[in-house]
Amino acid sequence: MLASPLHSWALTPREAIRLQAELASRVAATDRLGTIRTLAGVDVAYGRRGGPAQAVVVVLSFPDLVLLEQVRVTRPATFPYVPGLLSFREAPAVLEAFERLRIRPDLILVDGQGVAHPRRFGIASHLGLWLDLPAIGVAKSRLCGTFAEPGPERGDWTPLRDGEDVIGVVLRSRRNTRPLFISIGHRVSLATAVGVVLASGRGTRLPEPTRMADRLSKQAH
DNA sequence: GCGACAG
DNA sequence: ATCTTGTCGC
């Protein structure tokens with residue numbers, strides 16, 4: 001898959017924060033996607049004792065969810081983990097995996113936040129903008145915002161708010177299980193994002209694309 | 001100053 | 001994220 005560089009990754013945390021504020025204005029929060037036939041899932045794991053980053057991108061057919069392609073990239077992370085700057089640590093490896101991907105997916109599900117972020121530019125937005133692809137943030141915990149606990153049934157949800165803004169949805173993807181934090185990455189509406197997450201799950205907490213990427217990234221070669 | 005803090 | 005055993009629940 002081809003994509004043209006948006007910027008350098010050789011930045012200090014301070015420069016990264018300023019860049020996020022600029023790029024956030026370019027995020028599209030409405031549906032700009034056609035029929036979804038393929039879904040990509042993205043996740044990054046690390047070797048024991050702070051080993052190299054292992055990025056995995058999988059592509060599944062939709063809505064049947066059959067694995068069509070998978071790419072795995074191992075390379076050391078150069079940027080530290082700083083809450084709010086996750087993409088500067090993980091995106092370089094993920095983008096390298098996308099370069100090796102043959103299928104250009106219709107939508108990507110990312111393990112992390114989209115606009116449910118202090119500067120509205122989490123890793124799902126960063127990847128979506130860089131690749132110019134619709135993207136959804138599927139996080140297992142909250143980075144920012146306030147919310148009420150959603151009901152116990154699959155599909156129950158409550159808004160994730162930051163002041164007056166609704167920045168995402170707290171979604172019960174499985175009965176009696178901790179909710180997921182869904183947010184817009186790029187080129188999708190929040191309603192569509194929630195619908196896709198529920199449609200790509202199979203009774204597990206995580207939707208199949210993200211779950212599969214997570215499993216593969218932690219598997220030894 | 002103190003607590004919170006995606007992966 | 002990773003370090004770690006058994007254990008409670010569906």
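In what follows, chains are A, B, ... by sequence order, proteins preceding strands, each numbered from 1.
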Can any side-chain N or O of [X] pair as donor or acceptor with the backbone N or O of [Y] at less than 3.5 Å?
X        : Y        : answer
A:Thr38  : A:Asp106 : yes
A:His186 : A:Ala28  : yes
A:Arg72  : A:Val56  : no

The side-chain contact (heavy atoms from CB on, under 4.5 Å) partner of A:Phe121 among A:Val27, A:Val115, A:Ile17 is A:Val27
In A:Thr35, A:Thr30, A:Ile36, the residue satisfying side-chain contact (heavy atoms from CB on, under 4.5 Å) with A:Leu33 is A:Ile36
Between A:His7 and A:Leu23, is any pair of side-chain heavy atoms under 4.5 Å apart? yes
>> What I'd like to find out is whether the side chain of A:Leu133 reaches to under 4.5 Å of the side chain of A:Arg104, using heavy atoms alone.
In response: yes
Single-linkage hydrophobic cluster [X]~[Y], side-chain heavy atoms < 4.5 angstrom:
X        : Y        : answer
A:Leu131 : A:Leu107 : yes
A:Ile167 : A:Leu143 : no
A:Leu160 : A:Leu86  : no
A:Phe147 : A:Val166 : no
A:Phe181 : A:Leu109 : no

>> Suppose the criterion is side-chain hydrogen bond (donor to acceptor under 3.5 Å, both in side chains): which pairs have a residue in residues 128-143 of chain A, not counting sequence neighbours?
In response: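 Only A:Arg32-A:Asp132, A:Asp111-A:Lys140, A:Asp132-A:Arg187 qualify under side-chain hydrogen bond (donor to acceptor under 3.5 Å, both in side chains).
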In short, side-chain hydrogen bond (donor to acceptor under 3.5 Å, both in side chains) pairs touching residues 203-216 of chain A with sequence neighbours left out are A:Asp214-A:Lys218
> Going by heavy atoms closer than 4.0 Å, what residues in residues 69-97 of chain A are next to DNA chain B?
Replying inline: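 Contacts with DNA chain B under 4.0 Å: A:Tyr81, A:Pro83, A:Gly84, A:Leu85, A:Leu86.
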Members of residues 177-198 of chain A that approach DNA chain B, where some heavy atom sits under 4.0 Å away
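By residue number: none to list.
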Looking for any heavy atom pair under 4.0 Å, which part of the strands does A:Asp111 touch: base, sugar-phosphate only, or nothing?
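Sugar-phosphate contact only.
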- Looking across every strand, which nucleic acid part, if any, lies under 4.0 Å from A:Arg142 by heavy atom: base, sugar-phosphate, or nothing?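 Result for A:Arg142 = sugar-phosphate.
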Taken in chain and number order and not counting sequence neighbours, the residues that satisfy ring pair (Phe, Tyr, Trp, His ring centres under 6.0 Å) with A:Phe98 are none
What is the distance from atom CG of A:Leu190 to atom CD1 of A:Ile184, rounded to the nearest 0.5 Å?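 Output value for this atom pair is 4.5 Å.
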Review point. Looking at CH2 of A:Trp157 and CG of A:Leu198, how far apart are the two atoms once the value is rounded to the nearest 0.5 Å?
Key: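 So the CH2 of A:Trp157 and the CG of A:Leu198 are separated by 11.5 Å.
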### Query
Is the closest basic N to carboxylate O distance between A:Arg102 and A:Glu69 below 4.0 Å?
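A salt bridge is absent here (no side-chain N lies under 4.0 Å from a carboxylate O).
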Contiguous pairing runs of three or more, Watson-Crick or G-U under 3.5 Å, that involve DNA chain B: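 In DNA chain B, stems of three or more pairs: none.
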Going by side-chain hydrogen bond (donor to acceptor under 3.5 Å, both in side chains), name the residues that satisfy it together with A:Glu149, two or more places apart in sequence or in a different chain.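 For A:Glu149 the side-chain hydrogen bond (donor to acceptor under 3.5 Å, both in side chains) partners, ignoring immediate neighbours, are A:Arg172.
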Note: contacts of residues 40-53 of chain A with DNA chain C (heavy atom, under 4.0 Å) are A:Ala45, A:Tyr46, A:Arg48
Residue pairs meeting salt bridge (Lys or Arg N to Asp or Glu O under 4.0 Å), one or both in residues 152-162 of chain A, sequence neighbours left out, come to A:Arg120-A:Asp162, A:Glu153-A:Arg175
* Can you pull the contact range of chain A along DNA chain C, 5' to 3', using atoms under 4.0 angstrom from its heavy atoms? ->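 Nucleotide range with atoms under 4.0 Å of chain A: C:dA1 to C:dC3.
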* To do: Give me the first and last nucleotide of DNA chain B, going 5' to 3', that has any atom under 4.0 Å from a heavy atom of chain A.
  =>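 Span of nucleotides near chain A: B:dA4 to B:dG7.
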Checklist line | Ranges pairing with ranges for DNA chain C, where each run has three or more Watson-Crick or G-U pairs under 3.5 Å | finding: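 When the pairs of DNA chain C are grouped into runs of at least three, no such run exists.
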